[in-house]
Amino acid sequence: MQFNLVSKDPKSAARAGEITTDHGKINTPIFMPVGTAGSVKGLHIHDVKTDVNAEIILGNTYHLYLRPGLDILHQVGGLHKFNGWDRPILTDSGGYQVYSLADRRKLTREGVVFQSHIDGSKHQFTPERVMDIERTIGADIIMAFDECTPYPCDYKYAASSLDITHHWLDRCVEQVKNTEPQYGYNQALFPIVQGSTYRDLRVKSAEYIASKGADGNAIGGLSVGEPHEDMYEMTDLVCRILPDDKPRYLMGVGTPANILESIALGVDMFDCVMPTRNGRNGQLFTSEGIINIKNEKWKDDFSPIDPNGASMVDQVYSKAYLRHLIVSKEILGAMIASQHNLAFYLWLVRQAREHIISGDFASWKNVMAAKVNNRL
RNA sequence: GGGGAGAUACCGAAGCGGUCAAACGGGGCAGACUGUAAAUCUGUUGGCUCAGCCUUCGGAGGUUCGAAUCCUCCUCUCCCCA
């Protein structure tokens, strides 16, 4: 994997770049649709590619390991072959499930024992095991196994958790070094900075992660309920330490405004379930602001979902029709809303990239960040 | 013509003398959702000058300290028999 910086914004830390993988190039800053179980919920892979114009999508190690399981993924030749997506894929390691499934797992320095949310069966995830699983899934970018700490998180816990995450990272690096990709293309390991909302822990972690010389670096443990100011403060702090010539990935972020602000701090990659999950629940993100399409006021608004929208669905369907579909719990409603939101997110990061290259990102960002936060 | 059952808030449906402005569903309205245990979850849903008051359980009377709940008549629905 390679990263080339294309352009830097003179008035902020924003940059435009290009990641090259064996499955093609990724223009940064980029938003990566989340496809936890091997599918971007509600969308055909064809639409993710040609309508949303996604350049890379996510898969999840924990979920894919449980279902369909490694046998199937190995038989078919990896996730790309399985779901038909021939562009880059990134897999999260299950570190987020250490957080979100906290009441069904036991964490030790050795690893984590999960109780499956599907059938209750027990499974052990160690850094070595997770690397093996990510090898079998076959993503282009594989995430180190970490603990995403909750918020709030007391200092003592955050510090000891960080120590474990760093220890696990060493083991991930070692395991990746000692194993080969299974399908003939390369896999890049991204380590993850943790440290909750504590400056000294974040600095310590960022310095440690930077010292590993990975192809790209991630910032985790944010957007878990902390105030936005804390999230930006930590992101800023960490971005100043992580190497400039490697992509920076802010995990799990976020709202359109979060993404714009974080790009300004030097982040290159994002992922979030928000466009799909919130879309299914009737929340639309548009260039003019946020719409709760379930609200009564849209019932007779026959204008396009988003007149400036980048997706086919924006032109074809009206707000009133989409409201009807969502309110009626029609599957198509969830599909349209998800597709619209993802297309908007991808449009937004493409715009950001263009403005970084043209040199007016900072001023554009300030206007746009306010606009996308409007409640319509 | 004869016999029986029933009418409760937007809808369905509990309640069968006080703790009932009335359970529970649905619908309506609003909110939440950030590396997806989420096509999920939460709040609210008679009115008002709102820790109190007013009007409500088909209609009109009545019994009672007190009625959605008991009695009488009326209106309307549904079922069975002829």
Side-chain angles (χ1 to χ4, degrees), chain A residues 31-43 56-64 66-67 90-105 114-120 130 134 139 141-151 165 190-194 218-228 230-232 235 249-259 261-262 267 269-285 290 292-299 323 325-338 341 345 375:
Chain A
F31 179 80
M32 308 181 282
V34 178
T36 304
S39 105
V40 177
K41 291 187 195 297
L43 274 80
I56 170 172
I57 62 174
L58 260 66
N60 182 276
T61 300
Y62 167 84
H63 289 277
L64 291 168
L66 287 180
R67 223 167 30 189
L90 179 153
T91 39
D92 184 32
S93 60
Y96 187 76
Q97 281 64 43
V98 176
Y99 152 79
S100 68
L101 301 176
D103 55 344
R104 327 181 51 96
R105 54 79 172 160
F114 283 104
Q115 192 162 20
S116 159
H117 68 283
I118 299 165
D119 65 2
V130 169
E134 293 197 84
I141 298 172
I142 62 178
M143 301 307 299
F145 191 47
D146 68 332
E147 182 192 6
C148 176
T149 50
Y151 180 87
T165 286
F190 279 26
I192 304 169
V193 174
Q194 289 290 343
I219 307 165
L222 294 175
S223 66
V224 288
E226 77 284 3
H228 283 174
D230 291 8
M231 179 170 87
Y232 295 140
T235 301
Y249 165 26
L250 180 55
M251 306 183 78
V253 173
T255 66
N258 289 161
I259 288 173
E261 297 299 346
S262 303
V267 176
M269 304 165 72
F270 301 88
D271 78 282
C272 191
V273 304
M274 201 170 258
T276 44
R277 180 191 289 167
N278 290 29
R280 287 195 300 281
N281 295 329
Q283 187 169 50
L284 307 181
F285 299 98
I290 298 170
N292 183 345
I293 200 66
K294 291 195 277 195
N295 287 173
E296 189 176 24
K297 60 183 165 192
W298 307 112
K299 73 176 175 189
R323 173 178 195 271
L325 294 177
I326 295 274
V327 163
S328 309
K329 297 179 167 58
E330 285 290 322
I331 295 168
L332 183 60
M335 294 170 65
I336 293 170
S338 299
N341 280 347
Y345 267 62
R375 297 276 169 164

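Naming convention: chains lettered A, B, ... in sequence-line order (proteins, then strands); numbering from 1 in each chain. Just so it is clear, the model here is predicted, and its values are computed rather than measured.
Residue contacts for A/Arg375: at a heavy-atom cut-off of 4.0 Å it reaches the sugar-phosphate backbone alone, with no base atom in range. If you check every strand for non-hydrogen atoms under 4.0 Å, A/Gln115 touches nothing. Using a 4.0 Å heavy-atom criterion, one finds that A/Gly221 contacts the bases of the nucleic acid, with or without backbone contacts as well. Across all strands shown, A/Val40 has no heavy atoms under 4.0 Å from either base or sugar-phosphate atoms. Note on A/Asn258: a base of the nucleic acid sits closer than 4.0 angstrom, heavy atoms only. When heavy atoms are screened at a 4.0 angstrom cut-off, A/Ser116 is found touching no nucleic acid atom at all. A/Ile192 comes within 4.0 angstrom of a base, heavy atoms only.
Distance CD (A/Gln283) to C1' (B/A38): 14 Å, rounded to an integer number of Å. Here the P atom of nucleotide B/U34 and the CG atom of A/Leu222 are 14 Å apart, to the nearest Å. Here the P atom of nucleotide B/A30 and the CD1 atom of A/Ile326 are 15 Å apart, to the nearest Å. If you measure from atom NE2 of A/His117 to atom P of B/U36, you get 11 Å, rounded to the nearest angstrom. If you measure from atom OH of A/Tyr96 to atom P of B/A37, you get 7 Å, rounded to the nearest angstrom. Look at CG on A/Leu90: it is 13 Å from P on B/G35, rounded to the nearest Å. In this structure, A/Lys294 atom NZ and B/C29 atom P are separated by 11 Å, rounded to whole Å. Between the OH atom of A/Tyr62 and the C1' atom of B/U36 there is a distance of 12 Å, given to the nearest Å.
Under the Watson-Crick or G-U wobble criterion, with both distances below 3.5 Å, B/C41 is paired with B/G31. Look at B/A5: its Watson-Crick or wobble partner, with both distances under 3.5 angstrom, is B/U77. With a 3.5 Å ceiling on both atom-pair distances, B/U64 lacks any Watson-Crick or G-U wobble partner. Across every strand in view, B/C24 sits in a pair with B/G12 that passes the Watson-Crick or G-U test at under 3.5 angstrom. Across the strands present, B/G52 finds its partner in B/C48; the criterion is a Watson-Crick or G-U wobble pair with both atom distances under 3.5 angstrom.
Of the candidates B/A37, B/U36, B/G31, B/G31 carries the atom nearest the A/Asn295 side chain, counting heavy atoms from C-beta on. Comparing B/A30, B/A37, B/U34 by their nearest atom to the side chain of A/Glu296 picks out B/A30. Taking the side chain of A/Asp92 as heavy atoms from C-beta on, and the options B/U36, B/A37, B/C33, the nearest nucleotide is B/U36. The side chain of A/Met251 has B/G35 as its nearest neighbour among B/U36, B/G35, B/G28. Nearest nucleotide to the side chain of A/His228, out of B/A32, B/G35, B/U34: B/U34. Distances from the side chain of A/Thr36 to the nucleotides B/C33, B/U36, B/G35 place B/U36 closest. Picking from B/G35, B/C33, B/A37 the nucleotide with the shortest atom distance to the side chain of A/Asn281 gives B/C33. Relative to the side chain of A/Ile331, the nucleotides B/A39, B/A30, B/U40 differ in distance, and B/A39 lies closest. Minimum atom distance to the side chain of A/Arg323 is reached by B/C29, of the listed B/C29, B/U34, B/G35.
Under a 3.5 Å cut-off, the side chain of A/Ser338 and the backbone N or O of A/Gly279 do not form any donor-acceptor pair. Formation of a donor-acceptor pair under 3.5 Å by the A/Glu134 side chain with backbone atoms of A/Met143 is found in this model. Between the side chain of A/Ser328 and the backbone N or O of A/Leu325 there is no donor-acceptor pair closer than 3.5 Å.
For A/Tyr62 and A/His117, the ring centers are positioned less than 6.0 Å apart. Aromatic ring centres of A/Tyr345 and A/Phe285: separated by under 6.0 Å.
An OP1 or OP2 oxygen of B/U36 is reached within less than 4.0 angstrom by a side-chain nitrogen or oxygen of A/Asn60. Side-chain N/O atoms of A/Arg277 include none lying less than 4.0 angstrom from OP1 or OP2 on B/G35. Distances shorter than 4.0 Å separate none of the side-chain N or O atoms of A/Gln97 from OP1 or OP2 on B/G35.
Mapping A/Lys329 and A/Arg104 onto RNA chain B via the closest heavy atom, the residue that lands nearer the 5' end is A/Arg104.
Using atom P as the reference point in both B/G47 and B/A39, the two lie 34 Å apart (nearest Å). Rounded to a whole angstrom, the distance from the C1' atom of B/G4 to that of B/C54 is 40 Å. Spacing between B/U69 and B/A22 at atom C1', rounded to whole Å, works out to 12 Å. Here the separation of B/G58 from B/G52, taken at their P atoms, is 28 Å to the nearest Å. Comparing B/C74 with B/A68, their P atoms sit 23 Å apart, to the nearest whole Å. Using atom P as the reference point in both B/C65 and B/C20, the two lie 23 Å apart (nearest Å). Annotation: B/C11 and B/G28 have their P atoms spaced 15 Å apart (nearest Å). Remark: the separation of the P atoms in B/G15 and B/U8 is 14 Å, to the nearest Å.
How far CD1 of A/Ile192 is from SG of A/Cys148: 8.5 Å, rounded to the nearest 0.5 Å. Between the CZ atom of A/Phe114 and the CD atom of A/Gln97 there is a distance of 6.5 Å, given to the nearest 0.5 Å.
Residues A/Asn292 and A/Gln283 fail the side-chain proximity criterion, which asks for heavy atoms closer than 4.5 Å.
Between the side chain of A/Ser100 and the base of B/U36 there is no donor-acceptor pair of N/O atoms closer than 3.5 Å. Below the 3.5 angstrom threshold, one finds a donor paired with an acceptor across the side chain of A/Asp146 and the base of B/G35.
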For this session: Go through the steps to decide whether A/Tyr96 and A/Asn60 satisfy the test side-chain hydrogen bond (donor to acceptor under 3.5 Å, both in side chains), and finish with yes or no.
Result: CA-CA 9 Å; A/Tyr96 187 76; A/Asn60 182 276; over 6 Å; no
